[in-house]
Amino acid sequence: MALSPILAGWLDASAAGLDAGAVAPSELLPRLAAADLFRIGAPASLGGAGGGTFDVVETIAAVSERSLAAGFVFWGHRAYVEYLLQSPNAALRDRLLPDLFAGRVAGATGLSNAMKFLAGLEELQVSARAEGGRLRLDGKLPWVTNLRAEGFHVAAAVSGPDGRPFVASVAHDRAGVIRSPDLDLMALRSTSTAALRFEDVNVGPDEVIAPDALDWCPKVRPAFLGFQIGMSIGLARRSLAEARSAAGAGRHALGTELDATAERLQAGTDALRKGLAEGAFVARPAELFRIRIALAEAANDAVGLELQASGGKCYLAGPGEGFARRWREAAFLPVITPSLVQLKAALAAQGEPTGRAA
Ligand SMILES: Cc1cc2nc3c(=O)[nH]c(=O)nc-3n(C[C@H](O)[C@H](O)[C@H](O)COP(=O)(O)OP(=O)(O)OC[C@H]3O[C@@H](n4cnc5c(N)ncnc54)[C@H](O)[C@@H]3O)c2cc1C
């Protein structure tokens, strides 16, 4: 997947600033939208560019090769778009998609809590009570990315009045939606990542993305996770390329490790493409979990190999700037939900192998 020269050039020039928070977060989404990237993988009948889930994965990888902050905002926005594409609520989809494709408003996913809930790790943190045919929401989402100050819609899993979970879309300008200042992150700072609090927020049935979260979340999980894996693929590709292009003896001594990491990356990417095309991961999520683990580990290994191949240069603020950023970016891959710890625990509980040490 080749990005347009304009977008590629802007990402290269802005990657350090997007990481450090020196580039205005408001700039990022319109830049990605101007290249029409959010339409990829959506049907033409809905204003999309066609293609499948793996095309989105490859696009997120291409962006993440240049800036994981940009790849991560892409993930949040495109995941929200995917929720609408897979929602039975056609009216909500038709109303919101044009602005989302054009980057005029941000889509954000607060579904980490739902994914942890599905895995039995956490209670739902937002609840609803019924009032006059509508719902009143209370609760919090402690981490959400792409909460663009200019406006956003966020998907949240909610414990319904009858105790059954559903997924709602909440607009930024609804009374009772309280956004914190951007969180003081150690990297990925221009990603509009903040906490949200809902205080008696009024939501109608027309804003429900999925009335039955228990049925719906496992169906969107392959895309949710597949898009995340795109970040690992992009970062791994970039660090391996940097390691191979490093001058000096180190590169030769590392040849075997570089080849082995590249092979793991390719094998995982191929397995992801195949599984998404066959729709295999809804019924067999363990396969997807193993790919997510393997490729996050491959990305972390690749950044380590970039360090070893490039040597002391990586420790110099100027020449090592790109490496230092990738090192910080790589630290994010194991912790985003579902975290590697969580996935390994889930696989172990099913008696499945958990990764390369197994
Ligand atoms: C920069 C950034 C941006 C984020 N953006 C978003 C976003 O846009 N949307 C969103 O929904 N979330 C987002 N998150 C939240 C993220 O995905 C995690 O949910 C969040 O980090 C909270 O989990 P924790 O790591 O504090 O986990 P904790 O619950 O404190 O757990 C610590 C570790 O143990 C694991 N763990 C916990 N309990 C168990 C268990 N019983 N068995 C096995 N493992 C367990 C966890 O997965 C984690 O690895 C973001 C996080 C970061 C850092």
Side-chain angles (χ1 to χ4, degrees), residues 18-21 25 28-29 60 64 67-83 106-126 139-148 152-158 165 167-170 172 179-198 209 213 217 220-221 223-225 227-232 235 286 289 292-293 296-297 300 325 327-350 352 354-355:
L18 288 168
D19 188 62
L28 180 50
L29 203 68
I60 291 175
S64 301
S67 159
L68 198 84
F72 184 40
V73 162
F74 194 144
W75 167 77
H77 192 76
R78 188 56 184 77
Y80 180 86
V81 166
E82 189 67 24
Y83 302 156
T109 165
L111 291 199
S112 283
N113 177 223
M115 297 296 165
K116 284 171 127 175
F117 172 76
L118 279 181
L121 299 182
E122 204 169 80
E123 289 303 308
L124 289 181
Q125 293 175 0
V126 180
K140 60 179 182 187
L141 299 172
W143 295 90
V144 189
T145 294
N146 207 26
L147 294 179
R148 222 168 155 252
F152 59 82
H153 297 276
V154 61
V158 183
V167 178
S169 179
V170 181
H172 69 109
R179 181 201 190 278
S180 76
D182 283 358
L183 299 179
D184 193 11
L185 305 179
M186 69 133 178
L188 310 175
R189 290 175 64 90
S190 293
T191 55
S192 302
T193 299
L196 275 183
R197 220 170 61 241
F198 297 146
I209 293 177
C217 285
V220 295
R221 189 165 49 189
F224 176 91
L225 263 169
F227 298 167
Q228 267 180 16
I229 293 170
M231 292 190 258
S232 295
L235 186 57
F289 293 176
R292 154 100 171 99
I293 294 168
E297 289 178 347
N300 276 272
R325 171 172 54 78
W327 185 260
R328 289 189 298 275
E329 290 175 347
F332 177 61
L333 299 175
V335 301
I336 184 168
T337 299
S339 74
L340 296 202
V341 178
Q342 179 184 331
L343 292 172
K344 287 174 182 175
L347 290 172
Q350 295 168 26
E352 297 268 359
T354 58

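Just so you know, ligand 1 is whichever comes first in the structure, and atom 1 is the first atom listed for that ligand.
Considering every non-hydrogen atom in both Ile209 and Ala155, the closest pair reads CD1-CB, 3.9 Å.
Contact of the Asn113 side chain with the Leu124 side chain is registered, since non-hydrogen atoms from C-beta on lie closer than 4.5 Å. Taking 4.5 Å as the limit, every side-chain heavy atom of Phe152 sits out of range of all side-chain heavy atoms of Asn146.
Counting only residues at least two apart or on different chains, the side-chain hydrogen bond (donor to acceptor under 3.5 Å, both in side chains) pairs with a member in residues 329-340 are Arg325-Glu329.
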- In sequence, state the C-alpha distance, the side-chain angles, and the governing distance for Ile293 and Leu347, and then conclude on side chain to side chain contact (heavy atoms under 4.5 Å, CB included). CA-CA 11 Å; Ile293 294 168; Leu347 290 172; 3.7 Å; yes

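Within 4.0 Å of ligand 1, counting heavy atoms only, the contacting residues are Phe72, Trp75, Thr109, Gly110, Leu111, Ser112, Lys116, Leu121, Trp143, Val144, Thr145, Leu185, Thr193, Phe332, Ile336, Thr337, Ser339, Val341, Gln342, Ala345.
In this structure, Trp75 contributes its side chain and Phe224 its backbone to a donor-acceptor pair below 3.5 Å.
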